[in-house]
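This one's a predicted model, so the numbers in the text were calculated from it and none came from an experiment.
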Amino acid sequence: MIGTVSLGTGWKIGSRFNSSLGILLKVSTGAKQLGCFGYSPHIVYELTGSCNLKCLHCHAASGKSYPNELGTEDAKRVLKNLTTLKDFKVIVFSGGEPLLRKDIWELTEYAKDLGFEVLFATNATLVTKEIARKMASLKVLGAAVSLDSVKPEVHDSLRGIPGSWERAIHGINNIVSEKMFLQINVTANKTNIKEIPELIKFADNLGAHVIFLYTFVPVGRGDNNKWLALDSDDFVNLVKETIKLQSQVQAIITPVALPWYFAYLVSKSGITPNLAKEFITGCIAAKGIINIKPDGTAWPCPFLPIDSGNVLYQSAEEIWNGNVFKSIRNRNNFSESCNICSYMEVCGGCRVRAYIKTGSQLGADPICPINNKKEFVLLK
């Protein structure tokens, strides 16, 4: 996995990775492939819809708690059920803002007792020194923190709350001071697209081990803010810029909702798609991720709103092997031109963008430049 990144971009393992090898191995526990949303497989559990921010691009339209959110004991039953997915060793507690759950520490301890490695996906505005110490004391591996600009006013306008940038930076510094894993989540959109190179380098200087470069997808609250969406030229330039940036930072950059980045990466590395598919997968929807909503409903991806069952009432293994997940895992089911592309297994097209455009999670990715013969003509 790392070798492909290195060959395709010129990236070299630096001192940050060498000094953090122990925790990085835990973060990648059970990993078989690399793709959108990082290592495959892992679980994302949205513990609550409650959030102290009002982000314009929030996929979950977070703010208030959902009326049907599971209580502590039911949440524990969900966690216990998820242990039946034998290959899944890492769970990400997300939201909303997971730190707003009053039972977050109890659920964290329970997940750890079940054998999961735990990470938090947080806006970090609530991560005081005391909270960071508590996370470290419970052996939480670290956190994925959202940061959308080097400019406080741009970040705050996207996040909906003044002062959120400054509080997030304090939270990030508190996480780093406890020597935990740090992932920075950036959402590329029309308001920050020109500063992405500067923002990536800024995140790297903060001490990030991984940078998730989300590309705005108009779902959740984002559906009401489609003006944030990038155009086709933005996507092409972003992929090319990311390949170039990767050699300049220590963190691994992982684009999200941009699976054809991995096709381009494989092409640049000189490795054949047939060989690369063993450790590169592109889109990991239903293949390397299962997303659990606050009421226990399972989705194939955090952005793909397809009710595939409920892990409070059904076996997680049954849902994972059910028709929805299996149909997405078999990429021969995809529409042209995805299913005839030689890079199908290392890319797969974005299932969310296909769903939004065609109404089917099996449709072709409408913005893929390989499909549209735009720029990436070297991919044949």
Side-chain angles (χ1 to χ4, degrees), residues 1 4-5 8 30-44 85 87-88 214-215 217 219 235 239 254-269 271-291 298-309 317-374 376-380:
M1 291 183 279
T4 304
V5 174
K32 297 179 178 179
Q33 295 173 307
L34 179 67
C36 276
F37 283 105
Y39 290 121
S40 165
H42 69 273
I43 299 163
V44 175
L85 300 175
D87 290 337
F88 289 72
Y214 285 77
T215 53
V217 180
V219 295
F235 283 116
V239 167
T254 302
V256 178
L258 203 64
W260 31 270
Y261 165 85
F262 296 94
Y264 194 51
L265 180 67
V266 168
S267 175
K268 295 274 289 181
S269 73
I271 300 172
T272 66
N274 194 50
L275 177 60
K277 71 181 182 181
E278 298 302 319
F279 41 89
I280 298 289
T281 187
C283 178
I284 68 172
K287 188 177 183 186
I289 193 170
I290 182 169
N291 189 75
W299 287 5
C301 159
F303 294 161
L304 193 54
I306 299 176
D307 184 340
S308 306
E317 189 175 22
E318 175 188 343
I319 293 171
W320 181 254
N321 291 315
N323 290 335
V324 173
F325 277 71
K326 283 175 68 176
S327 67
I328 297 173
R329 278 201 292 278
N330 183 355
R331 293 180 174 178
N332 290 316
N333 291 327
F334 296 170
S335 301
E336 293 189 13
S337 60
C338 279
N339 69 355
I340 60 172
C341 178
S342 61
Y343 287 84
M344 178 176 70
E345 294 299 339
V346 297
C347 171
C350 180
R351 294 302 94 213
V352 181
R353 298 190 194 281
Y355 182 78
I356 292 171
K357 179 69 175 180
T358 70
S360 170
Q361 66 273 24
L362 305 179
D365 185 338
I367 66 166
C368 174
I370 304 171
N371 176 26
N372 296 326
K373 305 293 190 296
K374 189 180 182 69
F376 298 164
V377 293
L378 73 162
L379 299 179
K380 297 179 179 179

Open item on the list: Quick one about R353 and T215 (side-chain donor to acceptor, distance below 3.5 Å, no hydrogens or angles considered), yes or no?
Closed with: yes

Open item on the list: If I compare all heavy atoms of G349 with all of P259, which pair ends up nearest, and what's the gap?
Closed with: C-CG, 3.3 Å

Task: Verdict with supporting geometry, I289 and I43, side chain to side chain contact (heavy atoms under 4.5 Å, CB included) - done: CA-CA 6 Å; I289 193 170; I43 299 163; over 6 Å; no

Task: Verdict with reasoning, D365 to K357, per side chain to side chain contact (heavy atoms under 4.5 Å, CB included) - done: CA-CA 8 Å; D365 185 338; K357 179 69 175 180; over 6 Å; no

- [ ] Would you name the heavy atoms of P273 and S342 that are closest together and state the gap between them?
- [x] CB-O, 3.5 Å

TODO: Could you pull out the closest heavy-atom pair between N321 and K326, with the gap in Å?
DONE: O-CD, 2.7 Å

Task: Gap between atom CD of E345 and atom CZ of F262 - 0.5 Å precision - done: 15.0 Å

Task: Partners passing side chain to side chain donor-acceptor pair (under 3.5 Å) against K32 (at least two apart in sequence or in another chain) - done: D87

Open item on the list: With a 6.0 Å cut-off on the ring centroids, do Y261 and F235 count as close?
Closed with: no

Task: Which atom of S335 lies closest to which atom of G363, heavy atoms considered - done: OG-CA, 3.7 Å

Task: Verdict with supporting geometry, W260 and C347, side chain to side chain contact (heavy atoms under 4.5 Å, CB included) - done: CA-CA 5 Å; W260 31 270; C347 171; 3.7 Å; yes

Open item on the list: Using side-chain heavy atoms (C-beta onward) and a distance below 4.5 Å, is N339 in contact with R331?
Closed with: no

Task: By side chain to side chain donor-acceptor pair (under 3.5 Å) - contacts of T254 (at least two apart) - done: none

Task: Main-chain N/O of Q361 paired with R351 side-chain donor or acceptor, under 3.5 Å - done: yes

Task: Over all atoms of both residues, closest heavy-atom pair of G288 and S40 - done: CA-OG, 3.0 Å

Under 3.5 Å, which donor-acceptor pairs link side chains of residues 298-309 to any protein atom two or more places apart or in another chain?
{"from": "D307", "atom 1": "OD1", "to": "G309", "atom 2": "N", "distance (Å)": "3.0"}
{"from": "S308", "atom 1": "OG", "to": "I306", "atom 2": "O", "distance (Å)": "3.1"}

TODO: Anything under 30° is parallel, anything over 60° is perpendicular, the rest tilted; go ahead and classify W320 against F325.
DONE: tilted

Open item on the list: Distance check, rounded to the nearest 0.5 Å: Y343 atom OH versus C368 atom SG?
Closed with: 11.5 Å

- [ ] Determine whether T4 and I271 make a side-chain contact, defined as any pair of heavy atoms from C-beta on separated by less than 4.5 Å.
- [x] yes

TODO: Any chance you could measure I284, atom CD1, to I290, atom CD1, to the nearest 0.5 Å?
DONE: 12.0 Å

TODO: Would you confirm whether N333, through its side chain, and S327, through its main-chain N or O, come within 3.5 Å as a donor-acceptor pair?
DONE: yes

Open item on the list: Can you tell me how far apart CG (N323) and CD1 (I328) are? Round to the nearest 0.5 Å.
Closed with: 11.0 Å

Open item on the list: Pairing donors with acceptors under 3.5 angstrom, does anything connect the side chains of K287 and T281?
Closed with: yes

Open item on the list: Going by side chain to side chain donor-acceptor pair (under 3.5 Å), name the residues that satisfy it together with N274, two or more places apart in sequence or in a different chain.
Closed with: K277

Open item on the list: Looking at A354, is its backbone amide N or carbonyl O close enough to the side chain of T358 to form a donor-acceptor pair, meaning the two atoms are under 3.5 Å apart?
Closed with: yes

- [ ] For residues C350 and C283, determine if any side-chain heavy atom of one lies less than 4.5 Å from a side-chain heavy atom of the other.
- [x] no

Task: Partner residues of Y39 under the ring-ring contact (aromatic ring centres under 6.0 Å, His included) criterion, sequence neighbours left out - done: none

Open item on the list: Please give me the minimum heavy-atom distance between G30 and P41, naming the atom from each residue.
Closed with: O-CD, 3.3 Å

- [ ] Output all residues satisfying side chain to side chain contact (heavy atoms under 4.5 Å, CB included) with S337, sequence neighbours left out; order by chain, then residue number.
- [x] I340, N371

Open item on the list: Is any side-chain heavy atom of L265 closer than 4.5 Å to one of V346?
Closed with: no

